[in-house]
Number of protein chains: 2
Amino acid sequence: MITTSEEAAHELLEVVPAVMKEIRAEMRNRRTLDLTVPQFRALAFVDKNKDASLSVVANHMGLTLPTTSRLIDLLIARGFLTREDDPSDRRRLKLAVTKRGLTILDASRRGTLDYLVNKLNGVDAEDRQLIVEGMKALRLVFINDAQIKAGVK
Amino acid sequence: MITTSEEAAHELLEVVPAVMKEIRAEMRNRRTLDLTVPQFRALAFVDKNKDASLSVVANHMGLTLPTTSRLIDLLIARGFLTREDDPSDRRRLKLAVTKRGLTILDASRRGTLDYLVNKLNGVDAEDRQLIVEGMKALRLVFINDAQIKAGVK
DNA sequence: TATTGTTATACTCTATAACTATA
DNA sequence: TATAGTTATAGAGTATAACAATA
């Protein structure tokens, strides 16, 4: 069986937004501890990249600097991140996740994962396997690529 | 090899948002003809479901009625949809895609597909196959399910 | 001059609450 | 009373343009 790029593109365009919609809704619905998807991604990124600058976060997330600045403002206002000056280059700042930020990041991650795990439990082991393999293949296109671009730039 | 739901959930939570980000950015960047992702989805849905009511669209998209009402307002203001009264129940309305709406829907779909096709051309046929199979497995969880829920309700 | 970041402004997405009209 | 839809209001995500501070 030959799978064309055209067919794969159609599948992506139909399925990915539907899955995303559920992830987003799930995060939004856990009201008190909620993080939006962009907030979650930013927090997770800073957690893995201690002392990241704003530009680095913006670049990773594919957002402009003003958008990222606002996003980070909110996370700081809620006490999930701290912002410090970078002494080596005073134009820059250094972001870090607070203890409270880490707590909510873990809770959010765990809540969303539990939701997905629950849905996936209703699936054949075989289909689950296909999902994981599909995601790994997508990584090569959409995640490694983004990192390479970021690095090159 | 055993794939746990936990592993599959992790993959989804990491990969799906990254792919979605690119689809979203791609649609946003084709400025003049642009449709946002929700606009695109709504237009595509009405295209396939002629005379859909607002509630049906809202239900399909997992949005509230006010949100959907606004979304549809914009599409009507831009001349992509029409809204008519439903004579059989005057609380209801009937939505339809205009010629202009169909044109932009096709252009948007084609533009985004071309972008994805281009990215996917850089992938092994084997990985492409895995992507398609993964998407088909996801459909069972995230798309059929939504339709069943919609139908039952 | 170029880079890092912020502020101002504007539009879309999204929700809840309060409302109107119809069934 | 219940359902379909709109309007009012508010907060988040996103962009571009204009700006300040530093390199």
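Below, read A as the first sequence line, B as the second, and so on, with proteins coming before strands; counting in each chain starts at 1. What you are looking at is a predicted structure, and each value in this text was computed from that prediction instead of being measured.
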Item to complete: In whole angstrom, give the distance that lies between atom CG of B/L75 and atom C1' of C/dC13.
Response: 12 Å
Worksheet item: Should A/R78 be listed as having a side-chain N or O under 4.0 Å from OP1 or OP2 of D/dA12?
Response: yes
Practice prompt. Report the distance from atom CZ of A/R90 to atom C1' of C/dT4, rounded to the nearest whole Å.
Written response: 13 Å
Item to complete: Specify the residue among B/S88 and A/L54 whose closest nucleotide of DNA chain C lies further upstream toward the 5′ end.
Response: A/L54
Fill in: A/D86 with A/R91: basic N within carboxylate O range, under 4.0 Å
no
Response to the item:
Comparing A/T64 with A/D86, nearest DNA chain D nucleotide closer to 5' gives the residue A/T64
Item to complete: Check whether any side-chain N or O of A/S55 sits under 4.0 Å from OP1 or OP2 of C/dT3, and answer yes or no.
Response: no
Fill in: A/K21 side, atom NZ; B/I143 side, atom CD1 - distance, nearest 0.5 Å
13.0 Å
Discussion item. Whether A/E7 and B/R128 form a salt bridge (side-chain N of Lys/Arg under 4.0 Å from carboxylate O of Asp/Glu) is what I want to check.
Written reply: no
Worksheet item: Which part of the nucleic acid, if any, lies within reach of A/S53 when heavy atoms closer than 4.0 Å are counted: base, sugar-phosphate only, or nothing?
Response: sugar-phosphate
Worksheet item: Does B/R83 place a side-chain N or O at less than 4.0 Å from the phosphate oxygens OP1/OP2 of D/dT6?
Response: yes
Practice prompt. Could you state the atom-to-atom distance from CG of A/L93 to C1' of C/dT3 in whole Å?
Written response: 13 Å
Worksheet entry | Interatomic distance, B/L65 CG vs D/dT7 C1' [rounded to whole Å] | 13 Å
Practice prompt. Decide, yes or no, whether a salt bridge links B/R139 with A/E11 under the criterion of side-chain N to carboxylate O below 4.0 Å.
Written response: yes
Worksheet item: CE of A/M27 versus P of D/dA12: gap in Å, rounded?
Response: 16 Å
Worksheet entry | B/R70 vs C/dT16: side-chain N/O to OP1/OP2 distance below 4.0 Å | no
Practice prompt. Would you indicate, yes or no, if C/dT6 has its OP1 or OP2 atom less than 4.0 angstrom from a side-chain nitrogen or oxygen of A/S69?
Written response: yes
Fill in: B/I72 side, atom CD1; B/R70 side, atom CZ - distance, nearest 0.5 Å
13.0 Å
Worksheet item: Counting just side-chain N and O atoms, does A/T67 come under 4.0 Å of either OP1 or OP2 of D/dA15?
Response: yes
Fill in: Residue mapping more 5' on DNA chain D - nearest nucleotide basis, A/P87 or A/P66
A/P66
Worksheet, complete the sentence: When B/P38 and A/D89 are each assigned the nearest nucleotide of DNA chain C, the 5'-most assignment goes to A/D89
Worksheet item: Is any N or O donor-acceptor pair between the side chain of B/R91 and the base of D/dT3 shorter than 3.5 Å?
Response: yes
Response to the item:
When rounded to whole Å, the CD to C1' distance for the pair B/E84 and D/dG5 reads 16 Å
Discussion item. What is the separation between atom CG on A/N59 and atom P on C/dT4, rounded to the nearest whole Å?
Written reply: 10 Å
Item to complete: Check for a donor-acceptor pair, side chain of A/S53 on one end and backbone N or O of A/L93 on the other, with a separation under 3.5 Å.
Response: no
Discussion item. In whole Å, I'd like the distance from the CE atom of B/M61 to the P atom of C/dA15.
Written reply: 10 Å
Discussion item. Over all strands shown, is A/R24 touching base, sugar-phosphate only, or nothing at heavy-atom distances under 4.0 angstrom?
Written reply: nothing
Discussion item. Please pick, from D/dT6, C/dA23, D/dA4, the nucleotide with the shortest atom-to-atom distance to any side-chain atom of B/R92.
Written reply: D/dA4
Worksheet entry | Closest listed nucleotide, where the reference is the side chain of A/T36 and the choices are D/dA12, D/dT22, C/dC13 | D/dA12
